2 protein chains.
Amino acid sequence: MTASFPKGRTVTGERRRAEARQSVTMRDVANLAGVGIATVSRVVNNTGSVTPELVEKVQEAARTLGYRHDATASSLRRADRRTGTVALVLEDVSNPFSSALHRAVSDAAAERGILVLSGSSDESPERERELVETFTARRADGLIVVPTGRADATIEAARRLGIPVVAVDRMVRLDSVDTVTVDNQEGTARAAARLRDLGHRRVAYFGDLATIWTARERFTGFTSVFPDVPPALIRRELHSIDAAEDAARALLALPEPPTAFISGQNLITIGIRRVLQDSGLERRIALTGFDDFPLADLLSPGVSVIAQDPAALGAEAARLLLSRLDGHNGPARHSVVPTRYIARGSGEIRAAAGEAPAAAEVRAPGR
Amino acid sequence: MTASFPKGRTVTGERRRAEARQSVTMRDVANLAGVGIATVSRVVNNTGSVTPELVEKVQEAARTLGYRHDATASSLRRADRRTGTVALVLEDVSNPFSSALHRAVSDAAAERGILVLSGSSDESPERERELVETFTARRADGLIVVPTGRADATIEAARRLGIPVVAVDRMVRLDSVDTVTVDNQEGTARAAARLRDLGHRRVAYFGDLATIWTARERFTGFTSVFPDVPPALIRRELHSIDAAEDAARALLALPEPPTAFISGQNLITIGIRRVLQDSGLERRIALTGFDDFPLADLLSPGVSVIAQDPAALGAEAARLLLSRLDGHNGPARHSVVPTRYIARGSGEIRAAAGEAPAAAEVRAPGR
DNA sequence: ACGTTTCCTGGAAACGTTTCCCGGTACGCT
DNA sequence: AGCGTACCGGGAAACGTTTCCAGGAAACGT
């Protein structure tokens, strides 16, 4: 009895299922309800029309059997081949910017019963490539990507497969993908101009990896206001708090240290601030950072930032993607969401009168 | 020619596919390579053994045709029915604790080529239920859940379907699920004892919703050290920064305000600190929070915390889940990962000599 | 009252894959 | 040389679903 089963058609299947406690299928439900399998499908998806009486019978049967719809089988057969899944490639699921974006996308998707797959590229093109490929293999209905900028070929491949893609936070050269970005240049330029107006001339710029589109944009914004800052005050390729700290320490040791810092990114801002604070300079040297971070307001002085709204970014990306899923088929669209300058103090510090403030002056208590 | 197709077997399929630019299947590859479809499958999964020569031919064909493996069809037919997906139900994808956990799980999964589906329950049992049900419909191979504690029935249902579940951060009453939690009681008790040893007697406790297991545990830890703190100093059901701020303000207005606060959670800690800081009391009244948060060290004084390690939590949860996927079938296991007290200053403030410091004394400049 | 349309239902054919099973070839052993 | 074994490859049957199609009953119009 346990060894082998007769070769008969359905008998084998049902026996095996019963034996192995396999999942209960539409056929089981159909049998119990005494209807055709097609009817069960119609009831489950409540599509087509079926007599209320039968609906009740089917639902009853499904309930007693503990039937669970199988989404994979469904999407395999379904005409549109939809899986009800969108995939999200972030830089790092755990950083605040990414995760706020994640949340916004997730919410927009959930509203339509769509699930979100996600992964972290860690700024690595290979990893991005892997993720995009896995996601397309999983037949995600659409892709939202924060592109590293060096795996565009893979994104294009996904596009050619007919999967809609929207690039978020960073522009991408392909003309088949929607993008939603932030006005990086404008925001940085505005913050820079503000420092200029406060009398700052020696303004240091600390930026992220130049492979990152936003980093380049922000830097451009900076140079548009300070076209001839000495190269010694410019550091790029900074991608961690530690790197930023080292660089900041180095600049402060200069004979003519900067009177203000502009940071192109979160972690850099924190690194600079930490060094400033360690040296007791946080009230003497101005600091403005791109991208807000939690608790920036609790520090004293508060850290002024050019805030972007990752949730808005995510929501807009989701909107674009969902419209594609709804069949919209126009040319690529490019949304730009505005930044907002938040004055908290650190960006409102005036330049000291002299080019290089005397040490004594520097150490004076801030208030 | 465009209207209808002859009824012949393969012809129809191929024509249609060509016409509609459908995805290319194994059959297409098999045809081009001049092999059987089974061989293509073997090559793609590199299982079984097939002549190097044929492998080459198949890969060549796959390449020229741009063949993409279809994971949904694959998992449908596959004997183990694996989808290569685990699902993660968090409280909120975008909060630092959740997202760090997310990241750890994601990394462990990625190592095995497993993808992660995620969703936010927002502490709502209905939402948790929905998520778990959707995930099981999607046939996720396993589930990692931060349970609200009020949707256990659904979790049990998933378990009965044979899907391994691990509950993380919070205990769950079911004996079919592995759990990994933090030593909430012990950690809180230790921090409380420390305050007691610094002379504090009027210690306020601010806790999260009592429906949350961790909140109850932490509170228990607190009362074990301060069994008879006046009820006025105890606030629970706090779940946002704002709520914590209001409560903190109210307590400070008391004739006998507390000399120390213990916070059961991140946002509460921040709320308390903000109020303390607004009142210039951050150096007079002690504050210890459960769960670390970024920049806690940059404030001054730094905020002392009972730190948990969400990444470790996630990694352990992933480990437990993956072992189940690998076939481990023992009874439920319960991991407890330790907390760590981080002294940064705010938790090291001594109690003032008098029971209720005079107003003048309180307002004196901190330094 | 009869033809025609509409509606509901069930059987069966896909969807793209894995896996079972069997035929065939090559090889090793006696 | 003959036999057995091991191995490789292909055809076809699943997996659980949706969708096509056709049949039958009911409703409708004249």
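Lettering of chains follows the sequences in order, A, B, ..., and the numbering in each one begins at 1. Computed from a predicted model, the values in this text were never measured in an experiment.
Closest contact between the side chain of B:Ala38 and the listed nucleotides D:dG16, C:dT19, D:dT18 involves C:dT19. Between C:dG16, C:dT18, D:dT19, one nucleotide has an atom nearer to the side chain of B:Ala73 than all others, and that is C:dG16. Listed nucleotides D:dA12, D:dT18, D:dG16 differ in distance to A:Ser74; the shortest reach to its side chain belongs to D:dT18. The nucleotide whose nearest atom lies closest to any side-chain atom of A:Arg81 is, among C:dC15, C:dA12, C:dT17, C:dC15. You'll find that the side chain of A:Arg78 is closest to D:dT19, out of D:dT19, C:dT18, C:dG16.
For the pair A:Asp28 CG and D:dT17 C1', the computed distance is 13 Å after rounding to whole Å. Protein atom CZ of B:Arg138 is 18 Å distant from nucleotide atom P of D:dG16, rounded to whole Å. Rounded to whole Å, atom P of D:dA13 lies 12 Å from atom CZ of B:Arg77. Atom CG of B:Asp70 is separated from atom P of C:dG16 by 8 Å (rounded to the nearest Å). Distance B:Leu76 CG to C:dA14 C1': 13 Å, rounded to the nearest Å. Note: CG (A:Asn31) to C1' (C:dG10) measures 12 Å, nearest angstrom. Summarising the geometry, the separation between CZ on A:Arg139 and C1' on C:dG16 is reported as 9 Å, rounded to the nearest angstrom. Straight-line distance from the CZ atom of A:Arg27 to the C1' atom of D:dA14: 10 Å, rounded to whole Å.
A donor-acceptor contact closer than 3.5 angstrom is absent between the side chains of B:Ser98 and B:Glu91. B:Asp141 and B:Thr83 share a donor-acceptor pair across their side chains, judged by distance under 3.5 Å alone. A side-chain N or O of A:Ser323 and one of A:Arg333 form a donor-acceptor pair less than 3.5 Å apart. No hydrogens or angles considered: a donor-acceptor pair under 3.5 Å links the side chains of A:Asp92 and A:Ser94.
One finds a side-chain N or O of B:Thr39 lying less than 4.0 angstrom from the OP1 or OP2 phosphate oxygen of D:dG10.
In this structure, A:Ala79 reaches the sugar-phosphate backbone alone: every heavy-atom distance under 4.0 Å involves primed, P, OP1 or OP2 atoms, never a base.
D:dT30 is paired with C:dA1 under the criterion used here, namely a Watson-Crick or G-U wobble arrangement in which both key atom distances are under 3.5 Å.
For the pair A:Glu123 and A:Arg170, the salt-bridge criterion is met [side-chain N within less than 4.0 Å of a carboxylate O]. In this structure, B:Arg319 does not pair ionically with B:Glu111, as no charged nitrogen and carboxylate oxygen lie closer than 4.0 Å.
Looking at B:Thr72 and A:Arg81, their side chains come closer than 4.5 Å, going by heavy atoms from C-beta outward.
Listed by residue number, the members of residues 41-64 of chain A with any heavy atom below 4.0 angstrom from DNA chain C are A:Arg42, A:Ser49, A:Val50, A:Thr51, A:Leu54.
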